[in-house]
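See below for the structure under consideration.
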There are 2 protein chains.
Amino acid sequence: MSFIPLLPGSLSGPPAERSDAARNRERLLGAARELIAECGADALTMDRLAERAGVGKGTVFRRFGSRAGLMMTLLSDSEAAFQSRFMFGPPPLGPGAPGLERLVAFGAERIAYVMEHGDLARAAEASAHSRYEVPAAMLWQRHIEHLLREEGMDADPLLMAMSLTATLDPDRLLHAVRVQGLTPERLTDSWRELVTRVVRGP
Amino acid sequence: MSFIPLLPGSLSGPPAERSDAARNRERLLGAARELIAECGADALTMDRLAERAGVGKGTVFRRFGSRAGLMMTLLSDSEAAFQSRFMFGPPPLGPGAPGLERLVAFGAERIAYVMEHGDLARAAEASAHSRYEVPAAMLWQRHIEHLLREEGMDADPLLMAMSLTATLDPDRLLHAVRVQGLTPERLTDSWRELVTRVVRGP
DNA sequence: ATAATAATCGGACTACGGTCCGTTTAGTCC
DNA sequence: GGACTAAACGGACCGTAGTCCGATTATTAT
């Protein structure tokens, strides 16, 4: 018998997850990916998901809280990868390059990210209350603010970061590309112009 | 008998509105204003509105198409006033002032507008499909684009206008003020900084 | 006035996100 | 193994936006 639990057991974290709960979470994530592959993220309803996964509707909501929460869970891997790239990865996205170059790279990567995971990202932030309190969104904004300060931005970096973040909103970007027919390259070029002008004061 | 109809009759416009339809539209608008005055725009549901106005639910939707359409109708007066102010009114908002000053004034007025009609504006653009194809929003964006060109903006004025428009999104502005506790003055100052930097290239 | 017609009306109906609560079951302690 | 407890389960239920279609009514021509 071991007195010391060998791995994530009862050490201060949430009291672990019951086995049936874990099993159902996997089932649900699998079913969600299937449905999205078949019909797209927009067509995924919580009822269909529950049916496909063979669980009750209540279970879906207990696991993910809301439709947006489910979408965030589905995105969490690529989201975490993105975060670690701009926080710890190689320049110009990661630390080591000048702030302006990092800002440009950040926008470019973010636009590419939205082009790839667009519908999911949109669905993930389409929550009724507060699309702006999603931890990921707050992190991006603080990151932009940090880079602005690093570049000597004197005029209210918080609000400048907010404006720049608004430019990268998935909903807007997807509309620009899918409805207006603009190319991602053009969006990226415009982002470069924008941040350059904002950083270099008038 | 008169061969020529004396007023808005059958002259090319929509074939006029039946009297009961007009009466019901007035009833509905009145009831909507009452409900909003009592409980706020967010608490206005189409069922309650129909009940208060004493009409069927179908009538509400035939008149306004959707909840967002109703909100747009409620806003149309102040919206039209705003539009004519920045298109034909006195400087610095209207023509006569330099483009940059007009841009600054536009943002300031828009922020004030959102502070006053915020919930309505948010509800009006919260339509499922395409919040960006609302005629009013497209007009603002083209106006900003026009002012940018006037100031000699060389770098993709259309997308720069899109970014600036994103900054003025009612949802974001309301969140900044009501949740984050920022003051409208601070938003206005930041807008001034932003457009100044964007217009004066690097 | 009457009939014909086309628009309007009303409310039952659907789809969806989200909640609630009585029932079941996994983990634990004896 | 058996009893106990807290968590998980499931699906009935709710509120809401939006649709549909048979019944109604304003309007116009005769």
Side-chain angles (χ1 to χ4, degrees), chain A residues 1 5 8-10 13-28 31-32 35 39-72 122-131, chain B residues 1-3 5 7-10 13-28 31-32 35 39-73 122-131:
Chain A
M1 64 181 68
S10 52
E17 193 174 42
R18 239 169 65 169
S19 65
D20 52 347
R23 173 174 47 85
N24 279 339
R25 195 184 53 223
E26 291 315 308
R27 270 197 209 169
L28 282 166
L35 287 173
C39 315
D42 293 340
L44 184 147
T45 73
M46 301 305 258
D47 290 282
R48 267 198 275 276
L49 174 59
E51 187 191 11
R52 172 73 70 109
V55 306
K57 193 176 181 178
T59 303
V60 185
F61 280 91
R62 192 162 343 85
R63 274 296 93 78
F64 304 107
S66 67
R67 190 171 183 274
L70 167 69
M71 299 300 185
M72 279 194 287
R122 184 177 12 177
E125 69 174 24
S127 174
H129 347 270
S130 72
R131 322 154 34 184
Chain B
M1 61 182 68
S2 64
F3 294 109
L7 255 193
S10 50
E17 192 174 41
R18 238 169 66 170
S19 65
D20 52 348
R23 172 176 47 83
N24 279 338
R25 196 185 54 226
E26 290 315 308
R27 271 199 208 167
L28 282 166
L35 285 173
C39 315
D42 292 340
L44 184 148
T45 74
M46 301 305 257
D47 289 283
R48 265 197 277 276
L49 174 58
E51 187 191 10
R52 172 73 70 110
V55 305
K57 193 177 181 178
T59 303
V60 185
F61 280 90
R62 193 166 339 89
R63 275 296 94 79
F64 303 107
S66 67
R67 189 171 184 276
L70 166 69
M71 299 299 186
M72 278 193 287
T73 303
R122 183 177 15 177
E125 70 173 23
S127 175
H129 348 272
S130 72
R131 324 156 28 186

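These values consider heavy atoms only, across backbone and side chains, with no hydrogens, waters or symmetry-generated copies. Please read these numbers as outputs of a predicted model, since none were measured by experiment. Chain letters run A, B, ... following the sequence lines, proteins first, then strands; residues in each count from 1.
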Between [atom2] on [N] and [atom1] on [X], what's the gap in Å once rounded to a whole number?
X: B:Arg48; N: D:dC14; atom1: CZ; atom2: C1'; answer: 13 Å
X: A:Leu28; N: D:dA8; atom1: CG; atom2: C1'; answer: 13 Å
X: A:Met46; N: D:dG11; atom1: CE; atom2: P; answer: 16 Å
X: A:Leu49; N: C:dG17; atom1: CG; atom2: P; answer: 10 Å
X: B:Lys57; N: C:dC13; atom1: NZ; atom2: C1'; answer: 10 Å
X: A:Asp42; N: C:dC16; atom1: CG; atom2: C1'; answer: 14 Å
X: A:Glu51; N: C:dA15; atom1: CD; atom2: P; answer: 13 Å
X: B:Leu44; N: D:dG15; atom1: CG; atom2: P; answer: 17 Å

Between [atom1] on residue [X] and [atom2] on residue [Y], distance to nearest 0.5 Å:
X: B:Leu35; Y: B:Arg52; atom1: CG; atom2: CZ; result: 4.5 Å
X: B:Glu125; Y: B:Met72; atom1: CD; atom2: CE; result: 10.0 Å
X: B:Arg25; Y: B:Thr73; atom1: CZ; atom2: OG1; result: 8.5 Å

Non-hydrogen atoms of A:Ala124 and A:Ala68 that approach each other most closely: O-CB, 3.3 Å
Heavy-atom pair with the smallest gap, counting every atom of B:Met71 and B:Ala123: CG-CB, 3.6 Å
Below 4.0 Å: OP1/OP2 of D:dC9 and any side-chain N or O of A:Asn24: yes
N or O in side chain of A:Thr59 less than 4.0 angstrom from D:dA8 OP1/OP2: no
Selected nucleotide, minimal atom distance to A:Ala21 side chain, candidates C:dG10, C:dC16, D:dC9: D:dC9
Check: A:Glu17 and A:Arg63 side chains under 4.5 Å, non-hydrogen atoms: yes
Neighbours of DNA chain C within residues 60-72 of chain B, by heavy-atom distance under 4.0 Å: B:Arg62, B:Arg63
Under 3.5 Å donor-acceptor, A:Arg67 side chain and A:Leu44 backbone: yes
Check: A:Arg122 side chain, A:Asp42 main-chain N or O, donor-acceptor pair, under 3.5 Å: no
Heavy-atom protein contacts under 4.0 Å, nucleotides 22-30 of chain D, coded B base, S sugar-phosphate only, - none: ---BSS---
Within 6.0 Å of CD in A:Glu26, more than 12 heavy atoms from elsewhere: yes
